[in-house]
2 protein chains.
Amino acid sequence: MPAPERTTLEAIVDAGVAILEAEGIDGLTMNAVAARVGVKAPSLYKRVRDRDALLRLVANALARSLTERLAAADPTLPALARAFREFAHDKPAAFRLIMSPVADPEVLAAASEPVLRLARDLAGDRDALPAARLLTAWVVGFVTMELSGAFRLGGDLEDAFAYGLARLERAIA
Amino acid sequence: MPAPERTTLEAIVDAGVAILEAEGIDGLTMNAVAARVGVKAPSLYKRVRDRDALLRLVANALARSLTERLAAADPTLPALARAFREFAHDKPAAFRLIMSPVADPEVLAAASEPVLRLARDLAGDRDALPAARLLTAWVVGFVTMELSGAFRLGGDLEDAFAYGLARLERAIA
DNA sequence: ACCTGAACACCGTTCAAGT
DNA sequence: ACCTGAACACCGTTCAAGT
């Protein structure tokens, strides 16, 4: 009846984050996570309902780290957009997981708070919400297409990003 | 040595499209596809390298049907954006597959041709490419976030869509 | 020349049996 | 009270054997 705990939920989620980074989403198996925390796969089910729940926890943890990055950035449109884009370049698998339907929308919403504040400044109270949605939709779409190689027609992506930034800033004011 | 062909690549891809629609990406197994075309799973490997290659073929077929829808829409920003968004609402699993890295970028590029033509009209030759990228990034991001439930702060999504449309049209001109 | 059963390595998940 | 081996149902994939 001694009941030694050989791992924790936190260690499991951390392992998931690390494996996602190193091996991609397909490498994020229950077996791989278990091995990394020093346990056998069935033990994970004491702390996590199933693999989907684990993916959700990992996605939420990563969304929180994105939120931190955005909160630490200058509260200007270029700085926020660049911080967002940098995160996606740093951790593409994490970005895709965060943007997938497995992530918790309310956790993700926290990440958009700096953008909402900025939108309020630029567009006023009345248009703050749709303005924030215009900005976030653009940056999410830009980065998504960039990561999946969808920008194929040549041209300079940095130019296109700067162009979008400049036009949106004017469009919202 | 009679060599009866019991299926074709086309039938296999069609089956993949139908199963994706009905069962989602996780239901799109080699077994399910084989059963639908009336064959056993190992036979699929005569016509398709592996499951990833099949997913790519399915994604490309769906990207082509998106291209057709866009080509058939009025060549205005609202009409193109709404046609795009409608496709995503009609076939969310298809949309996600098309936007995932498994799709062939060059096939996807064909879908953006009407947008590029429109951007040329609105923004002129010089800015056509970045303007098209601004428009497509926005609509891709908007629909992606919509489908994953990321727009959580209430408000009217239709308003937000119309707002983005109006501001972008002005921003590009 | 295509199709298939059998086999392999690997999944996620459950559960009785250990401590 | 947690951990594990064994088992189950299911994957994707290969390949020898059928026709």
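Each chain gets a letter, A, B and so on, in the order its sequence line appears, and its residues count up from 1.
- Geometrically, A:Arg85 engages A:Phe161 in a cation-pi contact, judged by NZ or CZ lying under 6.0 Å from the ring centre and within 45° of the ring axis.
- One finds no side-chain N or O of A:Arg47 lying less than 4.0 angstrom from the OP1 or OP2 phosphate oxygen of D:dA1.
- Using cut-offs of 30° and 60° for the angle between ring planes, the A:Phe84 and A:Phe95 rings count as perpendicular.
- Salt bridge B:Glu5/B:Arg47: present, at least one basic N to carboxylate O contact under 4.0 Å.
- Across all strands shown, C:dC10 has no partner, as no Watson-Crick or G-U wobble contact with both distances under 3.5 Å is found.
- Between B:Glu5 atom CD and C:dC2 atom P the separation is 5 Å, expressed in whole Å.
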Could I get a table of every N or O pair under 3.5 Å where one atom is in the protein and the other is in nucleotides 12-16 of chain C?
unit_1 : atom_1 : unit_2  : atom_2 : d
C:dG12 : OP1    : A:Met30 : N      : 3.3
C:dG12 : OP1    : A:Arg51 : NE     : 3.3
C:dG12 : OP2    : A:Met30 : N      : 3.1
C:dT13 : OP2    : A:Tyr45 : OH     : 2.9
C:dT13 : OP2    : A:Arg51 : N      : 2.8
C:dT13 : O5'    : A:Tyr45 : OH     : 3.3

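- Among the atoms of the strands shown, none is found under 4.0 Å from any heavy atom of B:Thr8.
- Remark: P of C:dC11 and NZ of A:Lys40 are 14 Å apart, rounded to the nearest angstrom.
- D:dA1: Watson-Crick or G-U partner is C:dT19, with both key distances under 3.5 Å.
- A salt bridge links B:Arg117 and B:Glu113; the closest N-O separation between the charged side-chain nitrogens and carboxylate oxygens is under 4.0 Å.
- B:Leu116 and A:Tyr163 sit in two unconnected hydrophobic clusters of ILVMFWY residues. Membership requires side-chain heavy atoms under 4.5 Å apart, directly or through other members.
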